[in-house]
Amino acid sequence: GNSVTQMEGPVTLSEEAFLTINCTYTATGYPSLFWYVQYPGEGLQLLLKATKADDKGSNKGFEATYRKETTSFHLEKGSVQVSDSAVYFCALRNPTGNQFYFGTGTSLTVIP
Amino acid sequence: GEEVAQTPKHLVRGEGQKAKLYCAPIKGHSYVFWYQQVLKNEFKFLISFQNENVFDETGMPKERFSAKCLPNSPCSLEIQATKLEDSAVYFCASSRQQNTEAFFGQGTRLTVV
């Protein structure tokens, strides 16, 4: 079946620290992979995506690389800001496209 | 439009009453998804559509939940005889193609009292 496992939070970092949020997946076939971010009281916003192995998605200083050999899509950012405080969700869409599978979310708080 | 529009933003229903939620997908998007967010973070899949056809309904509690996406109308999610455990935020999303990202609406917060 299809599933996404991401690291438990909450994560608290100081401003300018390095961020890694781990995400691994199980899927039949070759899924597309995504990171979404949710700010309080809002819907999910797409942060970045990758549709095939070795693709690197990047946006606003965040990066993630689609690793087929380790079935992973870890999110990284070199220097976090207070405005990055939010909940981050790793997700996959299976090749048939009928649904998205989400991880349980990782809450990030960045302190000045 | 350029964003997924969900209405209403908030809905309060007494237990046993009906609730109806609406979603206007982004123009040109063929796929619509409904998710229920409970316990702050968990996203539970309910149903998806490809145009007006049900694509996957494996997440729907069929005895009380129903959904439609008709041409030239907003999609809808209806809950007959709401229960306390239906209290959640319901998100709608749309995507253009079968393997692309989905864009999410701001959600409808349903409170059953």
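Throughout, a chain's letter reflects where its sequence line sits, starting with A, and its residues are numbered from 1.
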Checklist line | Contact summary for Phe89(A) and Asn41(B), nearest pair of heavy atoms | finding: CE2-O, 3.1 Å

Item checked: Same apolar cluster (I L V M F W Y, side chains within < 4.5 Å links), Phe100(A)/Val4(A) -> no

Notebook entry, point to check: Which answer fits Leu46(A), side chain, backbone, both or neither, if we ask what part of it has an atom under 4.5 Å from a heavy atom of chain B?
Noted result: side chain

Notebook entry, point to check: Transitively linked via ILVMFWY side-chain contacts under 4.5 Å: Phe43(B) with Val37(A)?
Noted result: no

Next item on the list: Determine the option with the most heavy-atom pairs under 4.5 angstrom with chain B, choosing from Gly97(A), Gly103(A), Ser107(A).
Entry: Gly97(A)

Check: Which answer fits Phe49(B), side chain, backbone, both or neither, if we ask what part of it has an atom under 4.5 Å from a heavy atom of chain A?
Finding: neither

Margin query: Measuring from atom CZ of Arg93(A) to atom OH of Tyr31(B), what distance do you get when rounded to the nearest 0.5 angstrom?
Written below: 6.5 Å

Notebook entry, point to check: Closest heavy-atom contact between Gln99(A) and Phe33(B)?
Noted result: CA-CE2, 3.9 Å

Notebook entry, point to check: Would one find more than 12 heavy atoms of other residues, nucleotides or ligands at under 6.0 Å from atom NZ of Lys52(A)?
Noted result: no

Note to self: Can you tell me if Tyr39(A) has over 12 outside heavy atoms packed within less than 6.0 Å of its OH?
What the structure shows: yes

Check: Measuring heavy-atom distances to chain B, does Ser32(A) have an atom under 4.5 Å in its side chain, in its backbone, in both, or in neither?
Finding: side chain

Notebook entry, point to check: Which one, Thr58(B), Asp56(B), Val4(B), Ile47(B), leads in non-hydrogen pairs under 4.5 Å with chain A?
Noted result: Asp56(B)

Next item on the list: Establish whether Val11(A) and Leu47(A) are linked, either directly or via other cluster members, by ILVMFWY side-chain heavy-atom contacts under 4.5 Å.
Entry: yes

Margin query: Please output the residues of residues 97-113 of chain B in contact with chain A, using a heavy-atom cutoff of under 4.5 Å, in numerical order.
Written below: Gln97(B), Gln98(B), Asn99(B), Thr100(B), Glu101(B), Ala102(B), Phe104(B), Gly105(B), Gln106(B)

Item checked: Positions in residues 71-91 of chain B that reach chain A, provided some heavy atom is under 4.5 Å away -> Phe91(B)

Notebook entry, point to check: Can you hop from Trp35(A) to Leu44(A) via hydrophobic side chains spaced under 4.5 Å?
Noted result: no

Item checked: Interface moiety of Pro31(A) toward chain B, non-hydrogen atoms closer than 4.5 Å -> neither

Item checked: Residues Phe102(A), Tyr35(B); criterion ring pair (Phe, Tyr, Trp, His ring centres under 6.0 Å); working and verdict -> CA-CA 10 Å; Phe102(A) 287 91; Tyr35(B) 282 84; 5.4 Å; yes

Next item on the list: Could you state whether Ile21(A) and Leu13(A) fall into the same hydrophobic cluster, counting links through intermediate Ile, Leu, Val, Met, Phe, Trp or Tyr residues with side-chain heavy atoms under 4.5 angstrom apart?
Entry: yes

Notebook entry, point to check: Considering residues, nucleotides and ligands other than Glu52(B), do more than 12 of their heavy atoms fall under 6.0 Å from its CD?
Noted result: yes

